[in-house]
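Everything below concerns the one structure shown next.
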Amino acid sequence: MRLRGAWSVCDCGRSAWAWWMLIALTVGQFAGCSTPEAEKPVGPPTFPGVKLNLGVVGDPAILAGVTAARGEWTASRQAELTIALDPIRDLATIGDVDLIVFPGQAFGELVDRELLDKIPNAVVLPPAPKTDPSRPNARNESTDETPEDTFKNDDLAPVFRDQIAKYGTERYALPLGGTVLVLAYRRDAFTSAANQKAAREQGLTLEAPKTWTQLDALARFFQGRDWNGDGKPDFGLAAPLGADAEGVADATFLARAAGLGQHRDQYSFLFDADDMTPRVDSPPFVEALGAVAAWKTLGPPGVESFDAAAARKAFREGKAALLIDRAERAGDWANVEGQPIGVAALPGSERVYEPLRKVWETAESLNKPAYLPVGGGWLIGVRGGLETAKKAAALDLVRYLAGPDVSTRLRAERDFPMAPVRSSQMGQGPPDPTSAPDVDARLWSDAVSQSLMALRVLPGLRIPQAEGYLDDLSKGRAAALGGKAPEAALHEVAAAWSARTQTLGPKRQLWHYRRSLNTLATLSQPPDRGK
């Protein structure tokens, strides 16, 4: 969907009265808003006369869901909301924006420019139950009904609650939807008696692969084989290997590299967390890129130039038995033959590289970290420096859109489907099951849950100019697909990353990188620009 212009609207709806108490605690009262009676439940907080402007970084198609949810909020809050439907292209000239919807990979840039305000705990946590002041020791007894927890912060998957919504230890945004890579496969190809017999003769088992080397072996087995019985040779794997605006091609490479290179004792992955030296040209990345480049012989003709859309099309048309894609795009997998589609989490590795000693180790168990594209998903934050009335309304809107009911509707928008961010959503199957009737909903939910609830989940790069670093990576990946040795291609990427870091200020970028990992100590403020 192509969206242009802007709109301002009010409609009708309702919300939990307890949120007004949270707003009052968070930012205080403001002119034009009356204080609710202490014991009498009232309607939702209202913000008469307040006008908010919302902007988006990245694909404006995500606003389709926000647009659909606007009416209830604007009418019940007596406020106005204007949405700029053209994306923000330059954060240096962001304009009159009070709320920002953005992909996770823009997080560092927004923090670096001080464009996001912190979101207090009171916004997402329920108010404490009231106690009888005459019985100060009876802390677990409530004199009134316990306030309803309408936001249900504990329902957010840990990776979204504790990593993706935060930068360091501070919460600057709330998640609207996620994204995760999975493996889709034609179940008829796996269950065919002829295929199973041929696989046994080659020492293979036709089941979802547990390791990347098993995935390679399956792709080789299906390549050139008439696995669907139509009398014509078919192909193995459809994967984006060419230029890909969605970033799925780069994310697939990094997902494979993570299995080889994300050591259990290390929080950092792409850079050394002590000095910002790139690790992208180290052995696990070189090995992963070589394996991914070899896929160009295991897919349909032209697979070396496929973007994500072309890979989906090849799978949908029955040209490939396997597909690596974003789980939320399941509605684009349905094949013309109506054959059932299985789904599995991406595989892992039996060995992992220890970067400090520079040695390979046999993993104690399968090393299977989950790498999430675009910094983990899509979020909404409040512009820093808003005056009190606007801040109160903006915090209320952020909480409303990220709440359990609205976020479930947002992720199901056909124009911009998203993966679940809440535990309660993960068993619901694809975002829009009606558009994915051939996809096994249980297997889809299992694959997404295994990935998002994995022991180690790696949101994609979130530092300033993350998009530029990933552009450098795309060039190196393309060079390897074109025939350059993976090690040489990645040396060039590492050099480009070092030059980019030097230009932005290595100490400041190191602060951001450590901060973006959420777990490493940093000063409260970054070094001055250029340092």
Side-chain angles (χ1 to χ4, degrees), residues 181-190 192 195 198-199 202 204 206-209 211-257 259 287-327 329-330 332-337 339 341-347 373 438-439 474 476-484 486 489:
L181 297 177
V182 294
L183 175 70
Y185 58 92
R186 285 282 297 265
R187 294 185 70 177
D188 57 320
F190 278 62
S192 160
N195 291 342
Q202 296 186 24
L204 296 176
L206 294 187
E207 61 183 13
T211 69
W212 287 99
T213 53
Q214 289 174 358
L215 172 60
D216 296 340
L218 285 173
R220 283 193 297 271
F221 172 78
F222 286 121
Q223 183 71 8
R225 180 179 301 276
D226 178 18
W227 48 258
N228 61 4
D230 64 356
K232 296 181 293 185
D234 301 301
F235 305 98
L237 174 66
L241 299 179
D244 177 37
E246 289 185 41
V248 179
D250 294 331
T252 300
F253 158 55
L254 291 174
R256 182 156 190 165
E287 182 173 318
L289 184 55
V292 168
W295 286 348
K296 64 185 179 181
T297 65
L298 301 178
V303 67
E304 66 276 3
S305 62
F306 279 7
D307 61 7
R312 291 178 199 124
K313 183 174 183 290
F315 182 75
R316 187 169 59 247
E317 293 177 348
K319 295 179 180 178
L322 306 164
L323 169 72
I324 294 177
D325 195 14
R326 293 162 48 198
R329 298 307 298 263
D332 295 321
W333 303 342
N335 57 84
V336 294
E337 302 167 356
Q339 294 292 340
I341 297 170
V343 188
L346 290 187
D438 303 323
V439 176
S474 292
R477 188 179 54 76
L481 265 293
K484 178 170 283 191

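- Side-chain contact between Lys232 and Asp226: absent, with no pair of heavy atoms (C-beta onward) separated by less than 4.5 Å.
- Scanning both residues, Ala314 and Ala238, for their nearest heavy atoms gives CB-CB, 4.3 Å.
- Between Leu215 and Ile324 there is a side-chain heavy-atom pair separated by less than 4.5 Å.
- Test Lys313, Arg312, Arg316 against Asp325 for salt bridge (charged side-chain N to carboxylate O under 4.0 Å, His left out) and you get one pass: Arg312.
- A distance of 11.5 Å separates NZ in Lys484 from CG in Leu289, rounded to the nearest 0.5 Å.
- Note: Leu206 CG to Arg187 CZ = 13.0 Å, rounded to the nearest 0.5 Å.
- The distance from the CZ atom of Phe221 to the CG atom of Leu322 is 11.0 Å, given to the nearest 0.5 Å.
- Expressed to the nearest 0.5 Å, how far CZ of Arg256 lies from CH2 of Trp212 amounts to 6.5 Å.
- Counting only distance, with no hydrogens or angles, the side chain of Asp438 and the backbone of Ala334 share no donor-acceptor pair below 3.5 Å.
- A distance-only check finds no donor-acceptor pair linking the side chain of Ser192 to the backbone of Asp188 [under 3.5 Å].
- Looking at every heavy atom in both residues, Gly318 comes nearest to Asp234 through O-OD1, 4.2 Å.
- The closest side-chain donor-acceptor pair between Asp216 and Trp295 falls under 3.5 angstrom.
- One finds the CZ atom of Phe253 at 12.5 Å from the CG atom of Leu241 (value rounded to the nearest 0.5 Å).
- Contact detail for Pro233 and Gly224: the closest heavy-atom pair is CB-O, 3.4 Å.
- Every pair tested for salt bridge (charged side-chain N to carboxylate O under 4.0 Å, His left out) that includes a residue from residues 289-307 fails, sequence neighbours excluded, so the list is empty.
- Between Ala321 and Ala189 the shortest heavy-atom distance is CB-CB, 4.3 Å.
- Taken from CG in Asn228 to CZ in Phe222, the straight-line distance is 10.5 Å, to the nearest 0.5 Å.
- Formation of a donor-acceptor pair under 3.5 Å by the Trp227 side chain with backbone atoms of Ala320 is not found in this model.
- Judged as a ring pair (Phe, Tyr, Trp, His ring centres under 6.0 Å), and not counting sequence neighbours, the contacts of Tyr185 are Phe190.
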